[in-house]
Amino acid sequence: MPSVPIHSDFFARSVHKVAPDLIGARLLFHGVGGIIVEVEAYHHTDPAAHSFRGPTPRNAAMFGPPGFAYVYRSYGLHWCLNFVCEREGSAAAVLIRAIEPTEGIAAMRRRRGVADLRLLCSGPGRLCQALGITGAQNAAPLNRPPFALGRRDATPDIAIGVRIGITRAVEQPWRYGLRGSRYLSKPFP
DNA sequence: ATGAAGATGAAT
DNA sequence: TTCATCTTCATC
């Protein structure tokens, strides 16, 4: 169902351009997924970014070329999915924080152990569990299976806000969401 | 070698 | 608000 596929060039731009452009796009993994409704932008100049203090084994994918996944383990038990952006070495990425489930809902419910649509993918850890994404997908290319990304057809109403769970970084409007969506991890002000 | 913090989520 | 759960990275 991904209409027009998203290719690597899409990600070879400023992370602050890519992030809002991802709202409304379709993300599938093995045919399971939905519409991206919430993301956050991270740049290596940002103290909250994993890449801020230079390359490490964990963040290596962030320093690689755009159009690849950066998956990391959070709090020892959750996986979080990012899309690497900008030129190789720029170490910028967009954290995918929430999607609206549209495909493979039965599989998502099985993996998550809950039925409520709103609890399936409303959060970075939740959506990885629902789609079956793990560290095995770190550094995987986004432009070919099992990933499938589709462009949005119309520009949605995008809400802008500060990021979730970030206390040390400068307060900047680097969180983007589909305004009014019921599938956000947290509401926008 | 050691420890503190962490881009979270679920339960209380 | 608490806690589960454990990797990562900085520091000693």
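Computed from a predicted structure; not experimentally measured. Convention: sequence-line order gives letters A, B, ...; per-chain numbering from 1.
Whole-Å rounding puts the A:Phe52 CZ to C:dT8 C1' distance at 17 Å. Distance, A:Arg53 CZ to B:dA5 C1': 11 Å, rounded to whole Å. Nucleotide B:dG6 holds its P atom 15 Å from the CD atom of A:Glu40, rounded to whole Å. A straight line from OH of A:Tyr75 to P of C:dT2 spans 15 Å, rounded to a whole angstrom. Distance, A:Ile96 CD1 to B:dT8 C1': 16 Å, rounded to whole Å. Atom CZ of A:Arg58 and atom P of C:dA10 are 10 Å apart (whole Å). Rounding to whole angstrom units, NE2 of residue A:His44 and P of B:dA7 are separated by 18 Å. Protein atom CD of A:Glu38 is 11 Å distant from nucleotide atom C1' of B:dA7, rounded to whole Å.
Nucleotide B:dA1 forms a Watson-Crick or G-U wobble pair with C:dT11, both donor-acceptor distances falling under 3.5 Å. Under the Watson-Crick and G-U wobble criteria, each requiring two contacts below 3.5 Å, nucleotide B:dA7 is left unpaired.
Under the 30°/60° scheme for interplanar angles, the aromatic rings of A:Phe147 and A:Phe29 are found to be tilted.
A close approach under 4.0 Å does occur between a side-chain nitrogen or oxygen of A:Arg112 and OP1 or OP2 of B:dA10. The side chain of A:Arg73 contributes no N or O atom lying less than 4.0 Å from OP1 or OP2 of B:dA7. Proximity of A:Arg97 to the phosphate of B:dT8: a side-chain N or O atom is located under 4.0 Å from OP1 or OP2.
The side chain of A:Leu77 has C:dA4 as its nearest neighbour among C:dC9, C:dA4, B:dG9. Of the candidates B:dT8, B:dA7, C:dA10, the closest approach to any side-chain atom of A:Ser74 belongs to B:dT8. In the set B:dT8, B:dA7, B:dG9, the nucleotide with an atom closest to the side chain of A:Arg126 is B:dG9. For A:His78, the side-chain atoms get nearest to B:dT8 when compared with the rest of B:dT8, B:dA7, C:dC9. Relative to the side chain of A:His50, the nucleotides C:dA10, B:dG9, B:dA7 differ in distance, and B:dA7 lies closest. Distance from the side chain of A:Pro57 is smallest for C:dC9 among the nucleotides B:dA7, B:dG9, C:dC9.
The ring of A:Tyr72 does not lie on top of the base of B:dA7; it is either too far (5.5 Å or more) or too tilted (30° or more).
Closest of all the heavy-atom pairs between A:Asn138 and A:Arg58 is ND2-O, 4.4 Å. Across every non-hydrogen atom of A:Ile23 and A:Arg152, the tightest pair is O-NH1, 2.8 Å. Closest non-hydrogen pair, A:Val39 versus A:Ile96, comes out as CG1-CD1, 4.0 Å.
Checking A:Gln129 against A:Arg111 by side-chain atom types alone, no donor-acceptor pair falls below 3.5 Å.
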